[in-house]
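Residue numbers begin at 1 in each chain, while the letters A, B, ... track the order of the sequences.
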There are 2 protein chains.
Amino acid sequence: MNKSTVLVIDDEAQIRKLLTITLEAQEFYVHEATTAKEGLAAVANHPPDLILLDIGLPDQNGHDVLKHLREWYTNPVIILSVQSNEEDIVRALDNGASDYLVKPFRTGELMARIRSALRKSTVDENHALLTFGDLVLDFSSRTIKKNNEKIKLTATEYTLLALLAKNESKVLTHHYLLTQVWGPTYREESQYLRVFIAQLRKKIEADPNRPVHIITESGVGYRFIA
Amino acid sequence: MNKSTVLVIDDEAQIRKLLTITLEAQEFYVHEATTAKEGLAAVANHPPDLILLDIGLPDQNGHDVLKHLREWYTNPVIILSVQSNEEDIVRALDNGASDYLVKPFRTGELMARIRSALRKSTVDENHALLTFGDLVLDFSSRTIKKNNEKIKLTATEYTLLALLAKNESKVLTHHYLLTQVWGPTYREESQYLRVFIAQLRKKIEADPNRPVHIITESGVGYRFIA
DNA sequence: GAGAGATGTAAAGATTTTATAAAGAATAGG
DNA sequence: CCTATTCTTTATAAAATCTTTACATCTCTC
């Protein structure tokens with residue numbers, strides 16, 4: 001997982017320091033801003049993964065900052081406030097705040113809420129892409145491309161290729177491949193492997209007679225090469 | 001905007017009554033459950049748009065209920081608790097709770113948090129107007145247009161199409177689609193999928209025999225393509 | 001370089017999965 | 001309470017995939 005960037009917008013130096021220390025200890029990049037103006041500029045220049053926004057800024061009301069942000073910024077914004085009155089909370093949430101914390105807060109709770117907010121906003125960003133020269137395997141969308149053209153694989157072909165590719169350059173034995181793809185009762189069905197390896201080569205190799213990606217290790221198994 | 005359905009899982013009759021009255025006044029459909037078992041059954045049969053879950057249920061710990069739910073249920077779950085200790089809050093949020101409210105709560109604040117949670121879970125539905133060539137899906141009005149003509153979809157058809165479209169180009173497995181659209185008790189009913197996919201194709205594809213939008217991945221699932 | 005075992009390939013047959021229509025059951029709305 | 005709509009189930013046809021067979025080719029050893 002990559003480090004996430006958090007922007008802290010708060011005018012109290014003490015709070016900023018506390019937050020920065022806590023967040024950096026938890027493997028976040030932290031940027032600081034002390035005024036609304038400075039904060040909005042920072043967001044525009046380097047949109048962070050999450051914003052901690054103090055509602056009581058000196059130059060502009062935090063609610064207005066939030067409204068302004070929400071015109072284009074979609075990542076989580078967590079509001080910090082000394083207020084605990086209901087109206088304020090309602091207003092912030094209705095303006096699109098992801099969460100609302102009343103100062104003084106416990107850092108443990110803050111971290112949990114940050115994690116929760118980030119988890120929600122990055123659900124789909126776990127794209128696993130493997131690139132091998134002319135071949136691209138995208139596990140998130142379950143697609144294979146050769147020279148940028150989509151290739152159609154059956155479920156079994158895909159499973160087999162994915163297994164080989166994930167173990168790039170390692171030899172996988174016949175027994176292992178058969179067990180993983182077809183199940184343990186198929187461990188002696190080596191003809192299956194030959195048939196499916198041939199089909200895969202026909203689909204992904206430039207010249208199926210001289211395969212460069214799926215290599216035969218005679219008497220042992222197969223190996224995937226980039 | 002359509003009415004949203006809220007499921008209240010709480011063993012205290014008084015709280016249930018209060019919540020039901022408040023929510024129904026705000027144009028929600030409300031279902032009630034008094035135990036964890038009853039609640040889970042209700043969710044499985046009719047997945048609600050949001051769940052209010054009491055952490056102190058008589059038959060099962062609320063944290064476990066939450067974990068169980070999160071294996072497949074992705075809509076907001078707001079935790080209600082008499083506890084306000086940090087550990088409990090952290091645990092609930094890490095388990096995927098959308099929010100945490102300490103009893104007694106003000107109904108105004110509860111409503112704001114419900115609105116906020118629902119807004120988040122339907123972010124794309126408010127903003128996005130997805131366009132795929134001849135097809136336009138408008139999530140805010142729940143309407144579909146093909147070549148600028150409105151197309152009528154049933155609730156189930158719409159849910160299924162929206163799910164596919166939101167995950168454009170990704171393969172969604174049979175189990176996943178069935179679980180999300182019909183609930184976990186339907187995960188083996190793959191004939192449903194075939195019937196509804198056929199209906200959708202008849203409505204949105206230029207030539208239902210040669211679909212270009214809803215693609216079959218034999219043995220795996222379906223994929224939506226622009 | 002001959003032979004044996006291992007591997008590759010094509011294609012027919014068997015099986016599984018998918019598509020579609022249509023009838024029966026359930027549900028919502030007037 | 002009735003009707004129209006939608007959902008569920010059943011039946012069957014079509015398509016895709018998997019499995020098996022038969023034979024060709026390769027590789028390694030002697």
Side-chain angles (χ1 to χ4, degrees), chain A residues 142 144 151-161 164 171-175 177-178 180-183 185-224, chain B residues 2-3 5 29 31 44-47 142 144 150-161 164 171-175 177-178 180-183 185-224:
Chain A
R142 212 169 195 285
I144 312 288
I151 292 186
K152 214 188 151 213
L153 297 183
T154 71
T156 310
E157 287 165 3
Y158 178 88
T159 308
L160 177 57
L161 178 60
L164 286 164
V171 181
L172 304 183
T173 66
H174 300 137
H175 279 356
L177 288 167
L178 285 161
Q180 292 300 310
V181 176
W182 283 271
T185 53
Y186 290 72
R187 43 175 284 140
E188 304 300 334
E189 298 281 351
S190 46
Q191 174 60 11
Y192 278 28
L193 258 184
R194 283 181 218 117
V195 171
F196 278 85
I197 290 285
Q199 283 169 2
L200 275 178
R201 281 174 175 157
K202 227 191 292 182
K203 290 184 179 180
I204 69 168
E205 297 280 3
D207 180 358
N209 294 321
R210 281 184 214 74
V212 296
H213 287 304
I214 303 179
I215 306 300
T216 302
E217 296 288 340
S218 200
V220 186
Y222 295 91
R223 178 207 303 272
F224 188 89
Chain B
N2 278 318
K3 275 194 183 186
T5 306
Y29 289 118
H31 293 143
N45 286 330
H46 294 285
R142 286 177 82 91
I144 313 290
K150 264 195 189 168
I151 292 184
K152 215 186 149 205
L153 297 183
T154 71
T156 309
E157 287 166 2
Y158 178 87
T159 308
L160 178 57
L161 179 60
L164 285 164
V171 179
L172 303 183
T173 65
H174 301 135
H175 280 355
L177 289 167
L178 286 161
Q180 292 300 313
V181 176
W182 284 272
T185 52
Y186 291 73
R187 43 176 283 138
E188 304 299 335
E189 298 282 349
S190 44
Q191 177 61 9
Y192 277 31
L193 258 183
R194 285 184 214 115
V195 171
F196 278 84
I197 291 284
Q199 283 169 1
L200 278 177
R201 281 176 175 157
K202 228 189 292 180
K203 292 185 179 179
I204 69 168
E205 297 278 3
D207 180 357
N209 294 321
R210 281 183 214 75
V212 295
H213 288 304
I214 303 178
I215 306 300
T216 302
E217 296 287 340
S218 196
V220 186
Y222 294 91
R223 181 204 302 273
F224 189 90

>> Looking at every heavy atom in both A:E157 and A:K152, which two are closest together, and how far apart are they?
In response: OE1-O, 4.3 Å

> Between A:E189 and A:L153, who's closer to the 5' end of DNA chain D by nearest nucleotide?
Replying inline: A:L153

>> Rounding to an integer number of Å, can you tell me how far A:K202 NZ sits from C:dG8 C1'?
In response: 11 Å

> Is it true that a side-chain atom of A:R223 and a backbone atom of A:E217 form a donor plus acceptor pair closer than 3.5 Å?
Replying inline: no

> Heavy-atom distance under 4.5 Å between the side chains of B:L160 and B:T156, does that happen here?
Replying inline: no

> What are the two closest non-hydrogen atoms of A:R201 and A:I215, and how far apart are they?
Replying inline: NH2-C, 4.0 Å

> Just checking A:S190: base, sugar-phosphate only, or nothing, at a heavy-atom cut-off of under 4.0 Å?
Replying inline: nothing

> Which whole-number value in Å describes the distance from A:L193 CG to C:dT9 C1'?
Replying inline: 15 Å

>> For A:R210, is there any backbone N or O sitting under 3.5 Å from a side-chain donor or acceptor partner on A:E205?
In response: no

>> From CD of A:E217 over to P of C:dG8, roughly how many Å is that when rounded to an integer?
In response: 11 Å

>> Let me test you: for the helix from C:dG1-D:dC30 to C:dG30-D:dC1, what is the angle between the axes at its two ends (five pairs each), rounded to 10 degrees?
In response: 40°

> In whole angstrom, what separates A:L177's CG from C:dT7's P?
Replying inline: 12 Å

>> In terms of relative ring orientation, are B:Y192 and B:Y186 parallel, tilted or perpendicular, with 30° and 60° separating the classes?
In response: tilted

> How is B:Q191 classified with respect to the nucleic acid when contacts are heavy atoms under 4.0 Å: base, sugar-phosphate, or nothing?
Replying inline: base

> In terms of the nearest nucleotide of DNA chain C, which residue is placed more toward the 5' end: B:N209 or A:T216?
Replying inline: A:T216

>> If I take atom CD1 in residue A:I215 and atom C1' in nucleotide C:dA6, what distance separates them, rounded to the nearest angstrom?
In response: 17 Å

> Given that B:V195 and A:T154 both sit by DNA chain D, which one's nearest nucleotide is further toward the 5' end?
Replying inline: B:V195

> Quick one: how far along DNA chain D does chain B reach, first to last nucleotide 5' to 3', anything under 4.0 Å to a heavy atom?
Replying inline: D:dT6 to D:dT17

> Any idea which of C:dT7, C:dT9, C:dT18 is nearest the B:H174 side chain?
Replying inline: C:dT18

>> How close do A:P208 and A:K202 get, counting heavy atoms only, and between which atoms?
In response: CG-CA, 3.9 Å

>> Is the shortest side-chain heavy-atom distance between A:V171 and A:Y222 below 4.5 Å?
In response: no

> In whole angstroms, how far is the P atom of C:dT9 from the CZ atom of A:F196?
Replying inline: 15 Å

>> From CD of B:E188 over to C1' of C:dT18, roughly how many Å is that when rounded to an integer?
In response: 17 Å

> Would a 4.5 Å heavy-atom cut-off, applied to side chains only, mark B:W182 and B:L193 as touching?
Replying inline: yes

> Side-chain N or O of A:R194 less than 4.0 angstrom from OP1 or OP2 on C:dA6?
Replying inline: no

